[in-house]
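Bear in mind the structure is a predicted one, so any value in this text is a computation, not a measurement.
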Number of protein chains: 2
Amino acid sequence: MKRDLDIRVAIVEDDETIREGYAFLIGNTSGYKVVGTYSSCEDALKKIVGDDPDVILLDVELPGISGVEAIPKFKKILPDTHILILTVYEQEMLIFRALGNGAAGYLTKNTPPEKIVSAIHEVMDGGGPMSAHIARMVISSFKRNESTPLTRRETEILEQIATGKSRKRIAEELYIDLETVKSHIKNIYHKLDVHSKADAIKAAKDNKFI
Amino acid sequence: MKRDLDIRVAIVEDDETIREGYAFLIGNTSGYKVVGTYSSCEDALKKIVGDDPDVILLDVELPGISGVEAIPKFKKILPDTHILILTVYEQEMLIFRALGNGAAGYLTKNTPPEKIVSAIHEVMDGGGPMSAHIARMVISSFKRNESTPLTRRETEILEQIATGKSRKRIAEELYIDLETVKSHIKNIYHKLDVHSKADAIKAAKDNKFI
DNA sequence: GCCATATTCCCCCAACGCGGGTGATTTGCA
DNA sequence: TGCAAATCACCCGCGTTGGGGGAATATGGC
């Protein structure tokens, strides 16, 4: 089995200097082997299957189809290959889209070489390496806003509404009267200054009340 | 300013051996200072303000109120203090609740001592240290299920429904007819074998289709 | 103990949305 | 040249929604 030998790494990166730099770094680390280097996703998608890589180092900003969009395509033709994003971009949207599309980790390019190498190993071991700043952003995305104007009950009910449940069903599941649920919703709408379910959900999500 | 000197660390952990172990480890590392050790959250919440810690090492499983529940209380009395979870538990629910409540990082107790110390520093630098396995779980939580039975349009419409928008509004925003939206919803319900908004949203979320 | 707040419940109303049935057309990809 | 996806159409009945009142009990924080 190939697993007994080196970890097979493929690199997709448009900047030749960086690409060759990574290839040199990884190629000269024992236990690792560079099996393919590509300057575009189109190119990589055509030929990478033959490389049979364990890990793909992928840039997000590439000419043609972007790295983020290419992730599902790579996963389709190489289901067991892990994808590690390696980029200068720290925009929230890119990060979440990359992770949502199936990336196993997200590193920024200022990551020191030895960390990149250990990140590849970490990915193979089932880890999810992230740069410190990225990790903080990902963690922040879970964080609720502590200074919500909504009471506990109101928050609870708005969460239920956000799951699409009817007021009647919410009343039943919380063991309270339908009229009570209506009252809470009226108060929620007043506090958030909205006049519909959708607007309340949006306002609450934007402000991380739910 | 205190910032010019050592990083002030408080420890909340019920097991005396582990607590003293951490205190010894951190107390004997230059640049760090242990300003308080507590065996329960109740105890800590009463006295920790006087310690003025920069970072709190917090166990999640504690007698009395749990570490997870205590996070918002600590953040309330010490808004600028970072909380670093240090525990043996790797249950998804605990992790997400801890991060959602405002924890800055989540480490498991098998983390080597030098990593714990560097994690404290990372937290102070705006990072979000996580054990490899935890990071993978957090990343996985973003990941969509690629083998969805829903088409693109169906997924798109179900996402809109999940925001609480009415069919009419969805039709307007997607520039299609109300009847078309209804058709898609009918197909979604058939595919997911449900008969209501709420059930469709739940089924789709459980299977990570949206 | 007091007072504000949260939580609970009650009535009214009109308009709109929802779930379900059956069917047809066009578009795009393989 | 099919088949799946996406589009639009018209039928029906019932439930839900948003908004207007008002009011009685917890429940805490000071």
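Summary of helix geometry: the two end axes of the helix from C:dG1-D:dC30 to C:dA30-D:dT1, each defined by five base pairs via their C1' atoms, are inclined to each other by 90° (rounded to 10°).
Residues B:Asp14 and B:Leu62 share a closest heavy-atom pair of N-CD2, 3.4 Å. Contact detail for B:Ala104 and A:Ile139: the closest heavy-atom pair is O-CD1, 3.3 Å. Shortest non-hydrogen contact noted between B:Glu154 and B:Ile188 is O-CD1, 3.4 Å. Contact record, A:Lys208 with A:Phe142: NZ-N, 4.3 Å, taken as the closest heavy-atom pair.
Reading DNA chain D from its 5' end, the first and the last nucleotide to sit under 4.0 Å from a heavy atom of chain B are D:dA5 to D:dC11.
Within the structure, salt bridge (charged side-chain N to carboxylate O under 4.0 Å, His left out) contacts touching residues 197-207 of chain B (residues at least two apart or in different chains) are A:Arg169-B:Asp199, B:Lys202-B:Asp206.
Checked against ring pair (Phe, Tyr, Trp, His ring centres under 6.0 Å), B:Phe24 has no partners two or more places apart in sequence or in another chain.
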Mind listing the N/O atom pairs, protein and nucleotides 2-8 of chain C, below 3.5 Å?
| from | atom 1 | to | atom 2 | distance (Å) |
| --- | --- | --- | --- | --- |
| C:dT7 | OP1 | A:Arg153 | N | 3.4 |
| C:dT7 | OP2 | A:Thr151 | OG1 | 2.3 |
| C:dT8 | OP1 | A:Arg153 | NE | 3.4 |
| C:dT8 | OP1 | A:Arg153 | NH2 | 2.8 |
| C:dT8 | OP2 | A:Arg153 | NE | 2.8 |
| C:dT8 | OP2 | A:His184 | NE2 | 3.1 |

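Classification of B:Lys182 and B:Asp177 as a salt-bridged pair fails, no side-chain N sitting under 4.0 Å from a carboxylate O.
Side-chain atoms of A:Arg136 come within 3.5 Å of backbone N or O of B:Gly127 as a donor-acceptor pair. Distance alone, capped at 3.5 Å, is enough to place a donor-acceptor pair between the B:Asp15 side chain and the B:Thr17 backbone. When atom types are taken as modelled, the side chain of A:Thr111 and the backbone of A:Ile116 share no donor-acceptor pair closer than 3.5 angstrom.
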Given the rule in the side chain to side chain donor-acceptor pair (under 3.5 Å) test, do A:Tyr38 and A:Asp51 qualify, once you have shown the distances and angles that lead to the verdict? CA-CA 11 Å; A:Tyr38 304 93; A:Asp51 298 338; 2.3 Å; yes
If the sugar-phosphate is the primed atoms plus P, OP1 and OP2 and the base is the rest, what is the B/S/- string for nucleotides 12-19 of chain C, using protein heavy atoms under 4.0 Å? B----SSB
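Here the CG atom belonging to B:Leu174 is positioned 5.0 Å from the CD atom belonging to B:Glu156, to the nearest 0.5 angstrom.
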